[in-house]
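Notes follow the structure.
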Amino acid sequence: MARPNEEVEALLREYADLIAITGGDAFKQRAYERAARAIGGHPGDVSRLGTKELRDISGVGKSIADKVEEYLRTGHVAALEETRREIPGGVRELMSIPTLGPKKALALYRDLGIASVDELVSAVHEDRLGGLKGFGPKSRENILHGVELMRQAHGRILLGTAVGIAEDVVAGLREATGLKRCAYAGSVRRMRETIGDIDVLAAAPEEEAERIMAAFTGLPQAAEVVMSGRKKTSIRNARGLQLDLRVLPPDSWGAGMLYFTGSQAHNIRVREIAVRKGLKLSEYGLFEAKGGRKLAARTEEEVYRRLGLPWIAPALREDRGEVAAALNGELPELVTERDLRGDLHTHTDLTDGLASAAEMVAEAAARGYAYFAITDHAPELYMQQMTREKILAQREELRRLAERQGRRPRLLHGTELNIGPEGEVDWPGDFLAGFDLCVASVHSHFGLDRKAQTRRLIRACENPYVNIIGHPTTRKIGQRAPIDVDLEAVFAACARTGTAMEINAHPNRLDLKDEHILLARRQGVKFAIDSDAHTVGELGHTRYGVGTAQRGWLTKEDVINAWPLGRLRRFLRAPGRPGR
DNA sequence: GCCGTTTTCGGCCCGACTGTTTTCAGTCG
């Protein structure tokens, strides 16, 4: 499903870059970037849309719709091909080096014929950049350093890792400076699945800025100082991750958090509203365009309110229609971590977990869960050596634990079944009927074609004993691609059979991801936010699952483990399923 | 190139830092 959207997005982004390099209209470039973002984030498959529906996507007009259709029909776009002949791909690649943008990339190509990162590195070493305007000794150094970074670090880090670093840096800064208002913003606050850099905000009067910047560059995480000023300082940690600190007057805290939380596209939307009202919004506050009187800045709520909007949760700020929804009073009341009443997918040392059932249950109780499911692996995952006897013994163990435990959490005995290539699962129905719930997941045959993957997942949904499809696309971020499957067809089957889709909260999975959730939700699918914990500590991963669910606009109504136990049990025994 | 309860033409977000340009362009977020 996502593939055509991603392809079209990449295509439009490339065209936007080429417009920038060739010195084309900056507004035209932005129009292509905006359309690229809109199509990349569009929940449905764009290759299935007609001209009219395509143009209904905000930012897509006649010209871009024509190009998208041309691409989907023929596999290429004539206008893009033509520009590509003018500018070799390697020139665009130069822009991925920090400090090099379209103008400098073009200068390098036009004046020196440099059309790849390697050629650029050689040119610097051979000192051929000497005469080029805008390339002094410092920029040459920056280029070599940037290429080095690109080659070693390459790319983004997982949300879970980034949250840890961001929390450490905020705590370190607070301790070193006594700052009260200090927080991370940016994509970490929005809970994006991967993070490119970390933005930290501090509120302090002007005269304290220098002291705070010094504390920042003095943190143990600061392996390198990238730039330092009185208002903004950037460091890199030992692994090449950039952290930016902005210091703002305390009066500007809300406007600053709003601005630095982004996304950029969300900010543009909000500013457009400001402009239409004759106002100006910056990180310092909301001002009258004429006269410059400050109208709001102290809190995010205040700034939004003055623009006629309710507060918009960070996870929604991706320009996916949240501003329009806010204007119409149609923002969803998002599910929160506190809404979760239990976890429905966890493991113990009976299979590949590290903690005993008793330890897992104790932690679930400490988390305040009303119910808690243990779902160890089933026999088809051969390495786990599961048998009927072992899992029945576990059921007995849980019964004893429940007696000791009292009413909370109520223990549910489940299993994580393996979905075979034909959609079959490990045990027959009469044995499955003994479980409180069954999660079913793909653990093998990742390479089947789209038709076969789709068929096996739909069959799993149709199994009356399967309640939840675990990590539905089986992707591991940065490690394993998702299986090729028609998710829309699977979602339809889920909605029809009353099978929930899992939002696996492990930071290296986050599966389903936000865009899939948006799509599934519209088909009436229900979700389970599960930790898939294999250790006691991993039970805390649910926060990332909740963040992902929020990015998919889910309310507690959509999430079965935010429901009271009675309602959850009715869902697990829904009509069409044999009673048990 | 897109878009419209101010507009079908004339707008399109805004500010900080760096490097080298002696007054500001380019890049970044």
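Here the structure is a predicted model, which means the values were calculated and not measured. Values below: every heavy atom of this structure, side chains too, minus hydrogens, waters and symmetry copies. Numbers restart at 1 for each chain; the letters A, B, ... are given by sequence-line order, proteins then strands.
Contacts of A/R230 with the nucleic acid, taken as non-hydrogen atoms under 4.0 Å apart, involve only primed sugar atoms and P, OP1 or OP2. Among the protein residues, A/S228 comes within range of the sugar-phosphate backbone only, with heavy atoms under 4.0 Å from sugar or phosphate atoms but none that close to a base. When heavy atoms are screened at a 4.0 angstrom cut-off, A/Y15 is found touching no nucleic acid atom at all. Residue-level contact check: A/L12 touches neither bases nor backbone, having no heavy atom under 4.0 Å from any strand.
Judged as a salt bridge (Lys or Arg N to Asp or Glu O under 4.0 Å), the pairs with a partner in residues 287-298 of chain A (not counting sequence neighbours) are, in order, A/D251-A/R298, A/E288-A/R293. Counting only residues at least two apart or in different chains, salt bridge (Lys or Arg N to Asp or Glu O under 4.0 Å) contacts with residues 106-117 of chain A are absent.
Near DNA chain B, defined here as any heavy-atom distance below 4.0 Å, the residues from residues 51-71 of chain A are A/S58, A/G59, A/V60, A/G61, A/K62, A/S63, A/I64, A/K67, listed numerically. For the contact set between residues 312-330 of chain A and DNA chain B, defined by any heavy atom under 4.0 Å, there are no members. Using a 4.0 Å cutoff on non-hydrogen atoms, no part of residues 185-192 of chain A comes near DNA chain B.
Residues meeting the side chain to side chain contact (heavy atoms under 4.5 Å, CB included) test with A/D199, sequence neighbours left out: A/D197, A/D244. Residues that satisfy the ring pair (Phe, Tyr, Trp, His ring centres under 6.0 Å) test with A/F527, not counting sequence neighbours, are absent from this structure. Not counting sequence neighbours, the partners of A/P137 by the side chain to side chain contact (heavy atoms under 4.5 Å, CB included) test are A/R140. Shown here are the ring pair (Phe, Tyr, Trp, His ring centres under 6.0 Å) partners of A/F216, two or more places apart in sequence or in another chain: there are none.
A salt bridge links A/R84 with A/E14: the distance from a Lys NZ or Arg NE/NH1/NH2 to an Asp or Glu carboxylate oxygen falls below 4.0 Å. Between A/K62 and A/D66 there is a salt bridge, with a side-chain nitrogen of the basic residue lying less than 4.0 Å from a carboxylate oxygen of the acidic one. Here A/E515 does not pair with A/R521 in a salt bridge; the nearest charged N to carboxylate O distance is not below 4.0 Å.
Taking atom CZ on A/R34 and atom P on B/dC3, their separation rounds to 6 Å, with Å as the unit. Atom CZ of A/R276 and atom C1' of B/dT7 are 12 Å apart (whole Å). To the nearest angstrom, P of B/dG1 lies 5 Å from OH of A/Y32. Atom C1' of nucleotide B/dC28 and atom CG of A/L243 are separated by 16 Å, given to the nearest angstrom. When rounded to the nearest whole Å, the span between CG of A/N142 and C1' of B/dT20 equals 13 Å. Distance A/R37 CZ to B/dC2 P: 15 Å, rounded to the nearest Å.
Taking OH of A/Y184 as the reference point, atom CE of A/M257 lies at 9.0 Å (rounded to 0.5 Å). Atom CZ of A/R246 sits about 4.5 Å away from atom CD of A/E283, to the nearest 0.5 Å.
Taking the P atoms as reference points, B/dC17 lies 22 Å from B/dT23, given to the whole Å. Straight-line distance between the P atoms of B/dG10 and B/dG15: roughly 26 Å, to the nearest whole Å. Look at the P atom in both B/dT20 and B/dA16: the space between them is 22 Å, to the nearest Å. Taking atom C1' on both nucleotides, B/dC2 is separated from B/dT8 by 12 Å, rounded to a whole Å. Across the C1' atoms, B/dC28 and B/dC13 are found 14 Å apart, a figure rounded to whole Å. B/dG1 and B/dT5 have their P atoms separated by 23 Å, given to the nearest Å.
Annotation for A/E82: atom CD does not count as buried by contact number, only 12 or fewer foreign heavy atoms lying within 6.0 Å. Around atom CD of A/E333, no more than 12 heavy atoms belonging to other residues, nucleotides or ligands sit under 6.0 Å away. Heavy atoms from other residues, nucleotides or ligands lying under 6.0 Å from CD of A/E210 number 12 at most.
Classified by its glycosidic torsion, B/dT7 falls in the syn category, the angle being within 90° of 0.
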When you compare the protein's N or O atoms with those of nucleotides 22-26 of chain B, which come within less than 3.5 Å of each other, and at what distance?
none

Between the protein and nucleotides 10-15 of chain B, which nitrogen or oxygen pairs come in under 3.5 angstrom?
{"residue": "B/dC13", "atom": "OP1", "partner": "A/R30", "partner atom": "NH2", "Å": "2.1"}
{"residue": "B/dC13", "atom": "O2", "partner": "A/R271", "partner atom": "NH1", "Å": "2.8"}
{"residue": "B/dC13", "atom": "N4", "partner": "A/Q264", "partner atom": "NE2", "Å": "3.2"}
{"residue": "B/dC14", "atom": "O4'", "partner": "A/R271", "partner atom": "NH1", "Å": "2.2"}
{"residue": "B/dC14", "atom": "O2", "partner": "A/Y259", "partner atom": "OH", "Å": "3.4"}
{"residue": "B/dG15", "atom": "OP1", "partner": "A/K280", "partner atom": "NZ", "Å": "3.0"}

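Of the residues near DNA chain B, A/I97 and A/P137, the one whose nearest nucleotide (by heavy atom distance) lies more toward the 5' end is A/P137.
Panel note: side chain A/S116, backbone A/E119; a donor-acceptor pair is recorded below 3.5 Å. The closest donor-acceptor contact from the side chain of A/R181 to the backbone of A/W253 lies at 3.5 Å or more, if one exists at all.
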Anything under 3.5 Å between a donor and an acceptor, one on a side chain of residues 221-229 of chain A, the other on a protein residue two or more places apart or in another chain? List them.
{"residue": "A/E224", "atom": "OE1", "partner": "A/H145", "partner atom": "NE2", "Å": "3.3"}
{"residue": "A/E224", "atom": "OE1", "partner": "A/R236", "partner atom": "NE", "Å": "3.4"}
{"residue": "A/E224", "atom": "OE2", "partner": "A/H145", "partner atom": "NE2", "Å": "2.8"}

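The partner of B/dT8 cannot be assigned: no Watson-Crick or G-U wobble pair with both contacts below 3.5 Å exists in any strand.
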